[in-house]
Amino acid sequence: MKFGGSSVADADAIKRVASIVERQQGRRAGAPSPVVVVSALGGVTDRLIEAARLAEEGHGVRATAVLHALVERHVAVASALTDGSAQAQLVSKVREEFDELIGLVHALAVLHEVSPRSLDAVLAAGEVVSSRIVAAALSHQNISAVWIDARTIVVTDVEHTAALPDMSATRERVSRLLAPVAERGEVAVLGGFIGATPNGVTTTLGRGGSDYSAAIVGACLNVDEIQIWTDVDGMLTADPRIVPQPAVVPRLAFAEAFELAYFGAKVLHPSTILPAVSNNIPVRIVNSRRPDNPGTLITADARQAAGGLTAIACKRDVTVIDITSTRMLMAHGFLRRVFEVFERFKTAVDVVTTSEVSVSVTVDDVRRLEAIVDNLKNFAEVGIEPEMAIVCIVGENLRSDSTLFSRSVTALDRIPLRLVSQAASRRNITFVLRDSDVTTAMGRLHEEFFRPANEHDGYHEATKHHEATMES
Ligand code: ADP
Ligand code: ASP
Ligand code: MG
């Protein structure tokens with residue numbers, strides 16, 4: 001059971017977590033207890049990044065001020081959820097963790113330097129303290145719970161800020177340190193997002209990585225279900241921050257979920273699917289504020305109820321790179337040389353299209369863009385277009401129903417499409433367009449594929465409600 005940042009944002013949210021965990025345990029008397037993975041309290045990772053950035057710029061005082069505010073927030077939440085000696089112990093652990101962090105950030109500010117390795121050490125504090133607080137809160141609610149340091153469980157490589165798990169080493173730790181706890185009927189609580197190298201150096205799995213942690217641990221324990229508890233009712237037909245009132249997708253195939261997550265459905269970290277697939281473990285996305293809703297169930301095969309698409313997603317602020325061979329035609333070896341450059345600079349390419357003499361790709365990580373362009377210019381002309389976006393339509397039905405594609409293109413009428421691509425899986429089609437057109441494009445596609453016939457009134461109700469809220 002993985003609880004995201006908003007599901008553990010404050011004392012009330014953590015109380016809801018306790019009751020969800022208790023119910024889950026009660027439902028399966030005699031079975032091993034659930035294992036709980038938690039994110040940092042909502043917004044904390046962003047604050048820690050801010051503190052690290054201030055330190056890098058040498059603003060030690062401002063960086064530590066950010067941390068002092070975090071100490072107070074955590075101590076308040078910890079105090080509200082516990083009492084007596086458990087409270088004293090918890091609060092002193094929280095303070096100890098932050099004292100260490102403040103010392104570290106102070107040193108980084110003196111050096112004006114934050115390496116990826118140091119950044120991981122700073123960010124990990126969020127999940128270390130949140131997991132301690134949740135473990136204590138469960139105990140306070142008479143749920144037998146133990147805190148486990150995730151860094152003793154999840155063994156990773158040394159790619160700081162984007163570490164990958166060593167599954168066989170992790171499986172060994174899980175069966176030695178975690179499985180016995182669950183089998184004894186105790187709820188193990190650990191922080192998501194964090195791990196450590198075989199030498200014990202703290203690493204993180206990348207933003208949103210707590211979902212991935214839960215899947216890694218779930219696969220190693222070979223659980224019956226990996227539950228992602230969050231702040232929406234499941235995977236929705238579109239990003240609710242962009243499209244008003246998307247619907248819940250009740251069933252999804254692993255492959256569809258992966259495409260949606262990869263192309264921007266933030267509710268699920270894309271890597272979550274990998275351990276789930278390899279052990280064929282269902283993943284359920286559920287709302288911690290509405291625990292009785294069934295959510296979205298993701299399995300190997302999901303029959304689509306009716307025809308149509310499964311969902312749409314978008315990835316904003318990507319950059320298009322056009323690479324044109326300086327020879328007349330695409331000589332053989334051209335593509336190899338192009339992709340070698342991206343490989344050398346460890347930059348993933350999302351969408352690729354080609355014409356006779358040119359290749360266009362999109363990237364979202366532009367940290368090494370300058371070096372990439374310089375290298376490509378050795379054998380090609382290069383054009384760059386920032387502020388673009390990928391809109392991706394996903395559904396197993398795309399294989400069989402060719403009208404879905406034509407309907408989507410018609411819906412996007414008069415929006416300039418920069419690239420269009422359908423890969424061999426034929427379960428998704430990606431459109432690359434201007435970022436400023438994303439809201440219109442998503443709105444039109446959603447309307448075309450997901451708007452029920454009788455929704456018109458519903459839409460107005462929602463608009464009225466929204467306006468009323470804005471006024472108040
Ligand atoms: P958590 O803190 O629980 O990990 P996240 O903020 O990472 O939660 O992910 C949940 C958010 O993902 C939702 O609040 C929603 O705004 C966003 N989101 C984007 N696309 C989708 C989608 N297709 N379905 C559901 N949520 C989405
Ligand atoms: N706290 C981390 C983040 O915000 C990991 C997570 O929440 O999944 O990226
Ligand atoms: Mg998340």
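Every number for a ligand or one of its atoms is a count from 1 in the order of the listing.
- When the options S7, S210, S131 are evaluated for a side-chain hydrogen bond (donor to acceptor under 3.5 Å, both in side chains) with S39, the one that passes is S210.
- The closest side-chain donor-acceptor pair between T64 and H106, if any, does not fall under 3.5 angstrom.
- Partner of D211 under the side-chain hydrogen bond (donor to acceptor under 3.5 Å, both in side chains) criterion, out of K266, K2, H269: K2 alone.
- Under the 3.5 Å distance criterion, the side-chain polar atoms of D435 are left unmatched by any main-chain donor or acceptor of R316.
- Side-chain contact between E387 and R434 is absent, with no heavy-atom pair separated by less than 4.5 Å.
- Taking the charged nitrogens against the carboxylate oxygens, D46 and R207 do have a contact shorter than 4.0 Å, which makes a salt bridge.
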Atom pairs, nitrogen or oxygen, ligand 1 to protein, under 3.5 angstrom:
from: ligand 1; atom 1: 2 (O); to: G5; atom 2: N; distance (Å): 3.1
from: ligand 1; atom 1: 3 (O); to: T230; atom 2: OG1; distance (Å): 2.7
from: ligand 1; atom 1: 4 (O); to: K2; atom 2: NZ; distance (Å): 3.0
from: ligand 1; atom 1: 6 (O); to: K266; atom 2: NZ; distance (Å): 2.9
from: ligand 1; atom 1: 8 (O); to: T230; atom 2: OG1; distance (Å): 3.2
from: ligand 1; atom 1: 12 (O); to: V267; atom 2: N; distance (Å): 3.4
from: ligand 1; atom 1: 14 (O); to: D231; atom 2: OD1; distance (Å): 2.8
from: ligand 1; atom 1: 14 (O); to: D231; atom 2: OD2; distance (Å): 3.3
from: ligand 1; atom 1: 16 (O); to: R241; atom 2: NE; distance (Å): 3.3
from: ligand 1; atom 1: 23 (N); to: L236; atom 2: O; distance (Å): 3.2
from: ligand 1; atom 1: 24 (N); to: L236; atom 2: N; distance (Å): 2.9

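- Electrostatic pairing of D292 and R23 counts as a salt bridge here, judged by a charged N lying under 4.0 Å from a carboxylate O.
- Using a 3.5 Å distance cut-off with no hydrogens or angles, the side chains of T152 and R173 do not pair a donor with an acceptor.
- Inter-residue side-chain proximity for L268 and I298 is flagged as met; some heavy-atom pair is nearer than 4.5 Å.
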Need the list: ligand 2 N/O atoms against protein N/O atoms, distance under 3.5 Å, rounded to one decimal.
from: ligand 2; atom 1: 1 (N); to: T45; atom 2: OG1; distance (Å): 2.7
from: ligand 2; atom 1: 1 (N); to: E127; atom 2: OE2; distance (Å): 2.7
from: ligand 2; atom 1: 4 (O); to: T45; atom 2: OG1; distance (Å): 3.4
from: ligand 2; atom 1: 4 (O); to: R207; atom 2: NH2; distance (Å): 3.0
from: ligand 2; atom 1: 7 (O); to: S39; atom 2: OG; distance (Å): 3.0
from: ligand 2; atom 1: 8 (O); to: G208; atom 2: O; distance (Å): 3.4
from: ligand 2; atom 1: 8 (O); to: G209; atom 2: N; distance (Å): 3.4
from: ligand 2; atom 1: 8 (O); to: S210; atom 2: N; distance (Å): 3.0
from: ligand 2; atom 1: 8 (O); to: S210; atom 2: OG; distance (Å): 3.2
from: ligand 2; atom 1: 9 (O); to: R207; atom 2: NE; distance (Å): 2.7
from: ligand 2; atom 1: 9 (O); to: G208; atom 2: N; distance (Å): 2.8

